[in-house]
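Notes follow once the structure below has been shown.
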Amino acid sequence: MSPAGTTRAKKAPAPQKTARTAAKKTTTMKKTKSARGPTTRVPAAGPDTAHRMELLEDMLRIRRFEERCVELYSAAKIRGFVHLYIGEEAVAVGVNEALTPEDAVVSTYREHGHALARGITAEAVMAEMYGRTTGCSGGRGGSMHLFDASRRFYGGNAIVAGGLPLAAGLALADHMRGQTHVTCCFFGDGAFAEGEFHETANLAALWKLPLLLICENNLYAMGTALERHEAQTDLAMRATSYGMVAWAVDGMDVEAVERAARQAVEGIRAGTGPHFLELRTYRFRAHSMYDPDRYREKGEIEQWKSRDPISLLTDRMRENRELSDEDVARIEQRITAEVDHAVEAAEQAPEEPVGHLLHHVTSSSARAVG
Amino acid sequence: MGGGRTHEEKTTYREAMREALREALRSDDRVFLMGEDVGRYGGCFGVSLGLLEEFGPERVRDTPLSESAFVGAGIGAALAGMRPIVEIMTVNFSLLALDQILNNAATLLHMSGGQLPVPLVIRMTTGAGRQLAAQHSHSLEGWYAHIPGIRVLAPATLEDARHMLAPALADPDPVLIFEHGSLYNVSGELRPPSEAMDLDHAAIRRAGTDISLITYGGSLPKALAAADELAAEGIRAEVIDLRALRPLDDAAITASVARTHRAVVIDEAWRTGSLAAEVSARIAEGSFYELDAPVERVCSAEVPIPYARRLEQAALPQTADIVAAAHRAVD
Ligand SMILES: Cc1ncc(C[n+]2csc(CCOP(=O)(O)OP(=O)(O)O)c2C)c(N)n1
Ligand SMILES: [Mg+2]
């Protein structure tokens, strides 16, 4: 499933099968149904054309939004660390399909995609990157710390793996109150090396918490390739050692991601505890805007681009004769207008007054106005 | 505390804490206690003994040895509307959860532009004096007092042990409670709280006019003993118990120094970069013209706390050191 040039490609043509089998073997689950990954792709049973259109639009929105971010960064309109999600859009969009508004999401610093997929508007995210009052964190967070309490979006955490314990707590609260909500936590392959991941995996499995662990394995933790930071690179297989259901998924295929996420969420809502999905994906851009990207071969990037999640879907839809050039143009137009509007609004939005500097340090300072 | 207590009946600091926990668990079903060995074992210092039997394993929740995960889980549960009380065995172990405390609990409200308050209480033991050596004895509460966004409390009396928890739970923001290990067995008659128990004010534990002994937590009994000795010599020391290490009650410190014109700050942490340094700096900033003598500090020796009793006691602030410092200021 993955282009050559990586250990993963050398290892197995269909690594998700291995992990899935491992999950089946080691899991303590009774409901084997939820432990089983989808075996074949059945287009007839998949989402209909309208749904695929939505998936396409959601992925394109993230792509175009971030391409604009690059321009704005070069123009010094936005600053700080900015981590692009370009290439990984299928993960955020596919996973979000499985979630309801009552579910909670915990994200990382590479979070524009998660936030937009969750329904935070391009306007609110862009204004945040501009550091404006109208930003989704009132200008305190920037690109790495997007929040929206009303959407149960508990933010961008810039400490690698730092969101995992918090996500377990959100899940614990729902669990204790007998609610069937799921908490979905995104993190990278690099986070798998952190103690906080392993502590949380154990705790969540031990307490059967309704936690969906979404490991975005893009093969790199900054400049360190997976095989240079993990002794055993089959992450899904390792996750099963905690007694939770886990399998690997083609993270470039948005429909495959959606199916897997729905299946995992179904298992979690049925009370069978945390599920782990390893989404095999790739970032097309550098780690952040600061990164000169010297640690990987251009050829590797090009090979992965041949499995661009957006073209993968459009090709499939064109094959099915459910997508025309006019459809694409219409969607692109809508998104351009949306992003244009977000930028204009951010440009015009007021800056947070310096007099508000000490707001939101404690709840009493948060109440202070003026 | 139940009404039928007779006058002679004594309570320990540990029991006062336990009673506070029991009351919190009884009065609000969003409250739960979680930490290592808080349930079946009864708490590593016996504070939560019996609570598992009364409230069950969901609400008195034993955790694996995963400080970061269960402190973080407390933060997440607080975000989702619960009122968790997380117990960490000692402050030395809290360093394994420092990421969660500093990078999440203390920052989420701000980073989210005010959307996400974290109503979490974290309790832990601090301090030396029980020959537990250098990985169980340090006083790092001053580090936490450095952090904006959290409240740091140090109950030093039975009354504070009993009555600080409820307002801490009512606080919408994270509150850290430091219980000095040498206080758990302190026993006495538990008085009803004199005023409404607040978390903002220092307390005058003994009034005086000649010198201010400013301290908190496990050093309070030593400061009071020093005040007794000084009184025998005719020096009337005022003893200020800070109670809250963040935010500091500047007004109480200033008012006391305005009465006495001399101050000794007693802090079991190391002197360098300590809370004692902060208090001294504030006196220099706010009360400079009130001072008749340089501010004195009595802190622990700059050494990892040793095991051997003689060495450990030599490292810690002692009553005699406080008396000597007061003499330097007064003479
Ligand atoms: C605890 C911690 N250590 C180091 C960093 C610096 N850092 C930021 S992102 C990153 C790589 C993380 O890789 P991964 O988890 O795979 O996520 P990705 O960036 O690939 O999405 C590193 C080392 C950090 N932010 N937090
Ligand atoms: Mg990565």
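Proteins come first, then strands; the chains are lettered A, B, ... in the order of their sequence lines, and each starts at number 1.
- Using modelled atom types and a 3.5 Å distance limit, the side chains of A:S143 and A:H112 yield a donor-acceptor pair.
- To the nearest 0.5 Å, the span separating CG on B:D173 from CZ on B:R151 amounts to 8.0 Å.
- The closest side-chain heavy-atom distance from A:I159 to A:E194 is not below 4.5 Å.
- Tested against B:R243, the residues B:D200, B:D160, B:D249 include a single side-chain hydrogen bond (donor to acceptor under 3.5 Å, both in side chains) partner, B:D160.
- Contact tally against chain A (heavy-atom pairs below 4.5 Å) for B:I75, B:I150, B:L79: the top residue is B:L79.
- Of the atoms belonging to B:T63, heavy atoms from both backbone and side chain fall under 4.5 Å from chain A.
- Proximity to chain A (any heavy atom under 4.5 Å) is shown, for B:R30, by neither the backbone nor the side chain.
- For the set A:A204, A:A168, A:G162, A:G141, the count of heavy-atom pairs under 4.5 angstrom toward chain B peaks at A:G162.
- Along residues 141-149 of chain B, the residues that come nearer than 4.5 angstrom to chain A, judged on non-hydrogen atoms, are B:P148, B:G149 in order of number.
- Of the listed residues (B:R61, B:E67, B:M82), the greatest number of heavy-atom pairs within a distance under 4.5 Å of chain A belongs to B:R61.
- The list of salt bridge (charged side-chain N to carboxylate O under 4.0 Å, His left out) pairs with a residue in residues 148-166 of chain A, not counting sequence neighbours, reads A:D148-A:R151, A:R152-A:D174.
- By the 4.5 Å heavy-atom criterion applied to side chains, A:H175 and A:W207 are not counted as neighbours.
- Of the charged side-chain nitrogens involved, none lies within less than 4.0 Å of a carboxylate oxygen, so that B:D28 and B:R83 do not count as a salt-bridged pair.
- Looking at B:L116, the atoms closer than 4.5 Å to chain A (heavy atoms on both sides) all sit in the side chain, from C-beta outward.
- Chosen from A:R177, A:M144, A:H181, the residue pairing most often with chain B at heavy-atom distances under 4.5 Å is A:R177.
- A donor-acceptor pair is defined here as one N or O able to donate and one able to accept, closer than 3.5 Å; no such pair exists between the side chain of B:S66 and the backbone of B:A69.
- Salt bridge present: B:E19 and B:R22 bring a charged side-chain N and a carboxylate O closer than 4.0 Å.
- Looking only at heavy-atom pairs under 4.5 Å with chain A, the residue among B:A80, B:P117, B:P84 that has the most is B:A80.
- Using a 4.0 Å cut-off between charged nitrogen and carboxylate oxygen, B:R26 and B:E54 count as a salt-bridge pair.
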